[in-house]
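For this chain, numbers begin at 1 and follow the sequence in order. Values below: every heavy atom of this structure, side chains too, minus hydrogens, waters and symmetry copies. Atoms within a ligand are numbered from 1 in the order they appear, just like the ligands themselves.
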Amino acid sequence: MRVVAIDGPVGSGKSTVAKAVAERLDLPYMESGAMYRVAALAALRRGIDPEAEGAADALTELVAEVDMEVGDRVLLDGVDVTADLRSKQVGRAVSAVAAMPGVRSELVRRQREWAEEHGGGVIEGRDIGSVVFPDAELKVFLTASAGERARRRELDETADDLARRDLLDSTRAVSPLIVPQGAVVVDTTARPIDEVVDEIVAMLK
Ligand code: DC
């Protein structure tokens with residue numbers, strides 16, 4: 001099974017680069033963050049405040065019972081929710097949801113299952129090389145300067161929201177965002193996408 005793991009903080013270029021690498025290698029692409037966003041959306045729709053007491057148990061139960069499909073379109077219980085995943089409410093709730101160990105273990109299980117079913121793929125996230133696929137054929141950790149990351153995301157979230165999410169994602173107790181062991185760190189600041197993609201694809205040959 002051929003797995004390429006691409007991790008990094010918000011705005012590091014993960015999605016754009018991972019999609020292009022997948023296309024070049026003719027491998028399926030998966031955005032694991034979409035699963036965490038679906039979980040956050042499901043919580044908000046059930047009226048569960050992820051920061052409230054007891055929310056972790058309720059959320060762990062909820063993610064185990066919902067049906068989610070992550071691909072070009074993202075489905076929650078068979079309904080296309082792609083357009084709802086980038087809302088400010090989901091953006092604000094998602095880090096708290098992603099910090100819950102019960103939620104993470106279920107979503108990690110689903111990510112591994114996805115890779116089995118697809119015979120591998122290019123998978124992007126925060127813990128793909130460190131936890132989900134520590135034996136991936138290639139692990140890449142993308143970075144970019146704080147200013148550039150904020151600029152890339154400015155239509156979707158404020159610099160404050162981005163900084164808050166980064167802090168929560170990198171300081172949580174379970175599977176925080178770290179540079180995985182054996183990962184190649186690639187700084188995408190002021191670099192054309194094609195050049196970054198070429199560099200990553202060349203590492204596989
Ligand atoms: O990639 P993204 O910004 O859409 O991810 C949304 C959130 O999900 C992010 O703030 C942290 C969490 N996440 C995670 O904890 N682990 C992953 N593998 C992917 C995302």
Side-chain angles (χ1 to χ4, degrees), residues 3-19 21-22 29-44 50-51 56 59-60 63 68 70-74 76 81-115 121-134 136 139-144 146 148-180 183 188:
V3 172
V4 176
I6 302 193
D7 292 297
V10 189
S12 57
K14 282 191 309 292
S15 299
T16 313
V17 169
K19 271 183 211 154
V21 169
Y29 157 78
M30 209 261 286
E31 183 195 355
S32 62
M35 286 195 184
Y36 291 92
R37 287 175 180 271
V38 170
L41 180 68
L44 296 175
E51 318 243 3
L59 259 277
T60 299
V63 289
M68 50 174 90
V70 175
D72 277 346
R73 311 298 301 174
V74 181
L76 168 60
V81 293
T82 317
D84 303 311
L85 297 183
R86 300 272 148 202
S87 72
K88 289 208 165 42
Q89 291 90 321
V90 169
R92 287 189 186 132
V94 70
S95 288
V97 172
M100 297 169 179
V103 169
R104 298 203 71 82
S105 60
E106 171 60 15
L107 296 188
V108 166
R109 189 192 66 72
R110 289 181 189 231
Q111 288 153 25
R112 290 180 179 147
E113 187 178 77
W114 180 94
V122 178
I123 304 170
E124 57 131 314
R126 303 291 190 292
D127 63 340
I128 305 304
S130 58
V131 174
V132 190
F133 295 105
K139 302 187 211 180
V140 178
F141 188 90
L142 295 183
T143 59
E148 179 141 340
R149 295 195 298 107
R151 215 165 24 250
R152 287 175 184 167
R153 298 284 311 167
E154 71 192 348
L155 292 180
D156 298 305
E157 61 193 320
T158 65
D160 282 353
D161 280 345
L162 183 146
R164 177 180 162 273
R165 202 145 72 84
D166 266 355
L167 183 71
L168 290 170
D169 292 342
S170 16
T171 55
R172 68 179 175 225
V174 186
S175 312
L177 172 70
I178 50 158
V179 179
T188 66

Subject >> Inter-residue atom distance Asp156.CG - Lys88.NZ, 0.5 Å rounding >> reply: 7.5 Å
Original post:
Between atom NZ of Lys14 and atom CD of Glu31, what is the distance when rounded to the nearest 0.5 Å?
Top reply: 8.5 Å
Is it true that [X] and [Y] have a side-chain N and a carboxylate O under 4.0 angstrom from each other?
{"X": "Glu148", "Y": "Arg151", "value": "yes"}
{"X": "Lys139", "Y": "Asp7", "value": "no"}
{"X": "Arg165", "Y": "Glu157", "value": "yes"}
{"X": "Arg110", "Y": "Glu113", "value": "no"}

Original post:
Taking atom types as modelled and ignoring hydrogens, do the side chains of Arg152 and Thr188 form a donor-acceptor contact shorter than 3.5 angstrom?
Top reply: yes
Original post:
Any side-chain heavy atom of Ile6 within less than 4.5 Å of one from Val122?
Top reply: yes
Original post:
Do Val63 and Tyr36 touch side chain to side chain, with heavy atoms closer than 4.5 Å?
Top reply: no
For [atom], find the nearest protein heavy atom and state the residue, atom name and distance (0.1 Å precision).
{"atom": "atom 19 (C) of ligand 1", "value": "Ser32 OG, 3.4 Å"}
{"atom": "atom 12 (C) of ligand 1", "value": "Ala98 CB, 3.7 Å"}
{"atom": "atom 16 (N) of ligand 1", "value": "Arg104 NH2, 3.0 Å"}
{"atom": "atom 20 (C) of ligand 1", "value": "Gly33 CA, 3.5 Å"}
{"atom": "atom 8 (O) of ligand 1", "value": "Tyr36 CB, 3.4 Å"}
{"atom": "atom 4 (O) of ligand 1", "value": "Arg37 NE, 2.7 Å"}

Looking only at distance, does [X] have an N or O less than 3.5 Å from an N or O of ligand 1?
{"X": "Gln111", "value": "no"}
{"X": "Arg172", "value": "yes"}
{"X": "Asp127", "value": "yes"}

Original post:
Hey, does Val10 sit under 4.0 Å from ligand 1 if you only count heavy atoms?
Top reply: no
**OP:** Determine whether any heavy atom of Arg164 lies closer than 4.0 Å to an atom of ligand 1.
**Re:** no
**OP:** Closest by any non-hydrogen atom to atom 2 (P) of ligand 1: pick that one out of Arg126, Glu31, Met30.
**Re:** Arg126
**OP:** Just jot down the ligand 1 atoms closer than 4.0 angstrom to any heavy atom of Ser95, in number order.
**Re:** 10 (O)
**OP:** Give the atoms of ligand 1, by number and element, whose distance to some non-hydrogen atom of Arg86 is under 4.0 Å.
**Re:** 4 (O)
**OP:** Please test Ser15 against Glu124 for side chain to side chain donor-acceptor pair (under 3.5 Å), starting from the C-alpha separation and ending with a verdict.
**Re:** CA-CA 7 Å; Ser15 299; Glu124 57 131 314; 2.7 Å; yes
Original post:
Looking only at heavy atoms, is any part of Arg165 under 4.0 Å from ligand 1, and if so is it the side chain, the backbone, or both, or is it neither?
Top reply: side chain
Original post:
Applying a 4.0 Å heavy-atom criterion (strictly less than), which segment of Met35 is in contact with ligand 1: side chain, backbone, both, or neither?
Top reply: neither
